[in-house]
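Presented below is the structure to which this report refers.
Just so it is clear, the structure is predicted and the values come from calculations on it, not from any experiment. A, B, ... follow the sequence lines: proteins, then strands. Residue 1 opens every chain.
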Protein chains: 2
Amino acid sequence: MAYRATQRTRANAEARRAGIERAARHVIARGGFASANVAAVAVEADCSAGSIYTYFSNRDELLRLVFAQAAGHELDVIAGTVAEASTASEIAESTVEVFVRRAVAGRRLAHALLLEEVPEPVQSERLRLRRGYVAVIGTALDRVGGTQIPAEVAARSIVGCVGENLVDILDPTTANPSPAEIETLVKALITFTRSALGEP
Amino acid sequence: MAYRATQRTRANAEARRAGIERAARHVIARGGFASANVAAVAVEADCSAGSIYTYFSNRDELLRLVFAQAAGHELDVIAGTVAEASTASEIAESTVEVFVRRAVAGRRLAHALLLEEVPEPVQSERLRLRRGYVAVIGTALDRVGGTQIPAEVAARSIVGCVGENLVDILDPTTANPSPAEIETLVKALITFTRSALGEP
DNA sequence: AGAACAATTGAACCACGATTCATTTCTTTG
DNA sequence: CAAAGAAATGAATCGTGGTTCAATTGTTCT
């Protein structure tokens with residue numbers, strides 16, 4: 001016997017794995033999933049293409065993990081703010097505010113997470129996460145009560161409204177939206193979703 | 001001189017071209033864009049793969065044309081019904097009704113047109129068409145007046161609401177939705193969009 | 001009929017990028 | 001330090017599916 005994996009070895013391995021994930025996240029945030037080929041991630045992670053396969057079974061799996069982390073974090077943020085809301089209006093308001101502002105702040109990444117064409121395993125994850133948003137908002141709406149329609153439909157509708165209005169704004173081929181434009185949109189969406197939920 | 005393209009020749013050529021488009025549409029309606037590879041379309045059109053390149057410059061262009069036809073037709077239908085509406089409520093109502101019912105009736109095709117991952121040229125076309133929907137609904141809302149928020153945001157929101165609520169229903173990997181489910185959804189969406197537009 | 005040209009065919013070609021794997025380099029332990 | 005095993009490397013491989021093209025078949029005209 002002459003070699004055995006040690007504490008440090010494993011810590012290093014974990015650091016490498018995390019480094020590759022971070023690299024992939026950066027590449028995606030810069031150029032979307034389309035640009036996140038194995039070679040590009042390897043360059044960013046400062047390792048070889050082959051090495052990536054020591055830590056991840058394949059490219060799709062790596063992308064799926066990175067997607068799940070990033071999108072999961074966004075979901076947590078929304079869940080946090082929605083949990084504090086005590087009326088349907090507040091739920092609508094905080095959802096729109098957080099969603100739109102965070103998307104605009106991290107435009108390219110938001111586009112990748114929400115809209116870009118992705119490999120199938122990532123798409124499944126995206127649908128899972130979207131169901132997560134619906135669940136979080138739907139549960140909150142149920143808690144505060146007073147909606148005339150099924151909370152799930154209301155929650156989905158809110159997600160749909162906001163998402164659809166971000167399509168052009170997040171388009172990587174167009175210039176950054178002006179702050180004024182964003183203010184108008186946020187205000188309008190809040191008005192729209194509030195009245196939709198039957199609040200004045 | 002011994003050969004010149006004649007009336008009949010050209011008519012035949014046009015028929016072939018149309019046949020290939022029809023074949024592509026059928027393949028897409030059956031298995032989505034993913035299944036519409038050149039070989040599959042050729043089989044359905046009863047011609048060789050190579051022949052397709054006599055009539056279309058490449059696969060993406062063929063798919064783009066077929067998409068534009070199918071989605072353009074849907075837009076025309078919506079435009080037709082929305083044109084008859086004379087209140088915001090009626091606009092919301094007819095949009096939801098037509099959109100949802102037609103989507104459910106042609107589930108697989110609707111999924112392909114609205115949600116499936118598609119080659120870039122098709123995606124551009126999809127965005128164009130979506131802007132068409134927004135324009136049609138937005139113009140109608142402007143015509144009847146009385147919305148507190150920009151008509152474009154309202155129109156986009158309606159499209160987003162409806163689209164998002166179709167995601168699960170159109171998923172090809174799940175069973176057909178029950179008629180009752182559809183009724184509930186249509187009713188809820190009409191309520192949601194109506195109140196969103198500030199109508200009781 | 002046969003010359004002239006267009007259309008069809010389908011197998012070969014090609015582009016692309018993920019994946020593999022023989023080789024080399026690094027770590028640990030006796 | 002040497003042996004044993006792990007990890008890293010990156011060029012070669014492979015799979016996939018769109019695209020091409022030489023050969024064949026079909027059509028028109030004199």
Side-chain angles (χ1 to χ4, degrees), chain A residues 1-21 23-24 27-28 31-67 116-123, chain B residues 1-21 23-24 27-28 31-67 116-123:
Chain A
M1 193 215 317
Y3 179 99
R4 203 203 293 216
T6 178
Q7 189 84 25
R8 180 185 227 182
T9 302
R10 252 168 296 151
N12 276 353
E14 191 39 53
R16 279 274 164 89
R17 164 183 270 269
I20 292 172
E21 282 175 5
V27 172
I28 292 167
F33 283 94
S35 74
N37 51 26
V38 175
V41 173
V43 167
E44 178 79 19
D46 202 25
C47 71
S48 70
S51 253
I52 288 176
Y53 289 83
T54 303
Y55 298 98
F56 302 92
S57 53
N58 56 44
R59 173 181 181 257
D60 286 357
E61 174 64 7
L62 166 61
L63 297 185
R64 197 185 62 76
L65 281 170
V66 171
F67 180 97
E116 193 185 353
E117 319 263 305
V118 292
E120 199 283 315
V122 177
Q123 180 65 7
Chain B
M1 191 217 314
Y3 180 99
R4 204 204 290 216
T6 180
Q7 188 87 26
R8 179 184 228 183
T9 303
R10 254 168 294 151
N12 276 353
E14 192 38 53
R16 278 275 162 90
R17 165 183 269 270
I20 292 171
E21 283 175 4
V27 172
I28 292 166
F33 284 93
S35 74
N37 50 25
V38 176
V41 173
V43 167
E44 178 79 20
D46 203 24
C47 71
S48 71
S51 251
I52 287 175
Y53 290 83
T54 303
Y55 299 98
F56 302 92
S57 53
N58 54 46
R59 172 181 182 257
D60 286 357
E61 174 63 8
L62 166 60
L63 296 186
R64 198 184 60 75
L65 282 171
V66 170
F67 180 96
E116 193 185 354
E117 320 263 306
V118 292
E120 200 284 315
V122 177
Q123 180 65 7

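Within a heavy-atom distance below 4.0 Å of DNA chain C, the residues of residues 32-48 of chain B found are B:C47, B:S48. Annotation: proximity of residues 50-64 of chain B to DNA chain D (heavy atom, distance under 4.0 Å) is found for B:G50, B:Y53, B:N58, B:R59, numbered in ascending order.
With rounding to the nearest 0.5 Å, the separation of CZ in A:R64 from CZ in A:F56 is 11.0 Å.
Within 6.0 Å of CZ on A:R17 lie more than 12 heavy atoms contributed by other residues, nucleotides or ligands. Open room surrounds CG on A:D46; 12 or fewer heavy atoms of other groups in view lie less than 6.0 Å from it.
Taking atom CZ of residue B:R16 and atom P of nucleotide C:dA7, one finds them 11 Å apart after rounding to whole Å. Atom C1' of nucleotide D:dA7 and atom CD1 of A:I20 are separated by 11 Å, given to the nearest angstrom. If you measure from atom CZ of A:R10 to atom P of C:dT27, you get 16 Å, rounded to the nearest angstrom.
Two residues are said to be in side-chain contact when any heavy atoms from C-beta on lie closer than 4.5 Å; B:L62 and B:I20 meet this criterion. Contact of the B:I28 side chain with the B:F67 side chain is not registered, since no non-hydrogen atoms from C-beta on lie closer than 4.5 Å.
In terms of modelled atom types and a separation under 3.5 Å, the side chain of B:R59 and the main chain of B:I52 share no donor-acceptor contact. Of the possible polar contacts, none joining the A:E117 side chain to the B:P119 backbone as a donor-acceptor pair under 3.5 Å is found. Side-chain atoms of B:E21 do not come within 3.5 Å of backbone N or O of B:L65 as any donor-acceptor pair.
The A:T9 side chain lies nearest to C:dT28 when the options are C:dT28, C:dA7, D:dA8.
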